[in-house]
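Since the structure comes first, as structure tokens, the remarks are kept for the end.
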There are 2 protein chains.
Amino acid sequence: METVGQTIRAKRESLGLLLRQVASYLDIDQAILSKIERNERKPSRDNIIKLAEILQMDGEDLLIQFMSEKIALEIANEHCASKVLKAAEQKVKYLKSNLEKN
Amino acid sequence: METVGQTIRAKRESLGLLLRQVASYLDIDQAILSKIERNERKPSRDNIIKLAEILQMDGEDLLIQFMSEKIALEIANEHCASKVLKAAEQKVKYLKSNLEKN
DNA sequence: TTTTACTTGACAGAATTTGTCAAATGTAAA
DNA sequence: TTTACATTTGACAAATTCTGTCAAGTAAAA
């Protein structure tokens, strides 16, 4: 299973773009992008959106990959991880139904 | 749907315990516990475990409630929240299957 | 009015995040 | 082997977030 970093690097290389080109588009130092691609740093939400743009990817897909990876790493070492996710699903539903009302 | 803070407060009051008593058991200032109960501060993992002990609750249940609440609040404002959770579930499975091997 | 429980906000120190920079490393062509 | 270029690495600083302390404030009961 591919990490966000791996996905980004693969796409960047397939487009023949350099770290410095993509980093400048994101308005960050190329050192940071290098670390993002190797999962040493986490991209910001804005980074993800800009990355999807320049790498011609679906922004929502990349965001989903990014957020789900974050959550998975947070709880993967819990033996009750899947219970946590199921409970989270219920809470999200509840929260959303309340947002509608206000 | 009850927040962790509400659950804790309800249980503490039903046992007739004072903030200061529970806080001292957790080894934190009662101001912090007050804020935890009103969702102004987040409890640490250790706080949750100790709370379950002194409030005679199941520690795992409380942890699940705590972690799922954290995740739900993180993503509830995303319209793709449920896709994120489904993707997270897959990733957790993948990560767990790899942990076994090492 | 006094006591008791809880709340609030200012504050400080610790820890984490976020970014900059330049030197080091790797790589491939000249 | 040099040279040029892409990437990686780690030291560093600034900014932000986290954690807890403390004392003054509110509210309600005795």
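Numbered from 1 within each chain, the chains take letters A, B, ... in sequence-line order.
- By the side chain to side chain donor-acceptor pair (under 3.5 Å) test, B:Glu13 pairs with no residue at all, sequence neighbours left out.
- Distances shown here put a side-chain N or O of B:Ser34 below 4.0 Å from the OP1 or OP2 atom of C:dT7.
- Within residues 5-31 of chain A, the residues approached by DNA chain D to less than 4.0 Å at the level of any non-hydrogen atom are A:Arg9, A:Arg12, A:Leu18, A:Leu19, A:Arg20, A:Gln30, A:Ala31, in residue-number order.
- Checked against side chain to side chain donor-acceptor pair (under 3.5 Å), B:Gln21 has no partners two or more places apart in sequence or in another chain.
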Extract all donor-acceptor atom pairs below 3.5 Å that involve side chains of residues 68-76 of chain B and protein atoms in other chains or at least two apart in sequence.
unit_1  : atom_1 : unit_2  : atom_2 : d
B:Ser68 : OG     : B:Ile64 : O      : 2.8
B:Ser68 : OG     : B:Gln65 : O      : 3.2
B:Glu69 : OE1    : B:Val4  : N      : 2.8
B:Lys70 : NZ     : A:Glu74 : OE1    : 3.2
B:Glu74 : OE1    : A:Lys70 : NZ     : 3.2

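- For the pair A:Glu78 and B:Lys96, the salt-bridge criterion is not met [side-chain N within less than 4.0 Å of a carboxylate O].
- B:Arg12 meets the side chain to side chain donor-acceptor pair (under 3.5 Å) test with B:Glu37; sequence neighbours excluded.
- Residues from residues 36-56 of chain A with heavy atoms under 4.0 angstrom of DNA chain D, sorted by number: A:Arg38, A:Glu40.
- Listed by chain and number, the residues in a side chain to side chain donor-acceptor pair (under 3.5 Å) with B:Asp46 amount to none (sequence neighbours excluded).
- On the nucleic acid side, DNA chain D contacts chain A at distances under 4.0 Å to non-hydrogen atoms, with the end points of that region at D:dA6 to D:dG10.
- Judged as a side chain to side chain contact (heavy atoms under 4.5 Å, CB included), and not counting sequence neighbours, the contacts of A:Asp58 are A:Glu60, A:Asp61.
- Applying the salt bridge (Lys or Arg N to Asp or Glu O under 4.0 Å) criterion to B:Lys86, with sequence neighbours excluded, gives A:Glu89.
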Contacts table for residues 47-56 of chain B: side-chain donor-acceptor under 3.5 angstrom, sequence neighbours left out:
unit_1  : atom_1 : unit_2  : atom_2 : d
B:Asn47 : OD1    : B:Ser44 : OG     : 3.4
B:Asn47 : ND2    : B:Ser44 : OG     : 3.2
B:Glu53 : OE1    : B:Tyr25 : OH     : 2.6

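- Among residues two or more places apart in sequence or in another chain, the side chain to side chain contact (heavy atoms under 4.5 Å, CB included) test is passed with B:Ala31 by B:Asp29.
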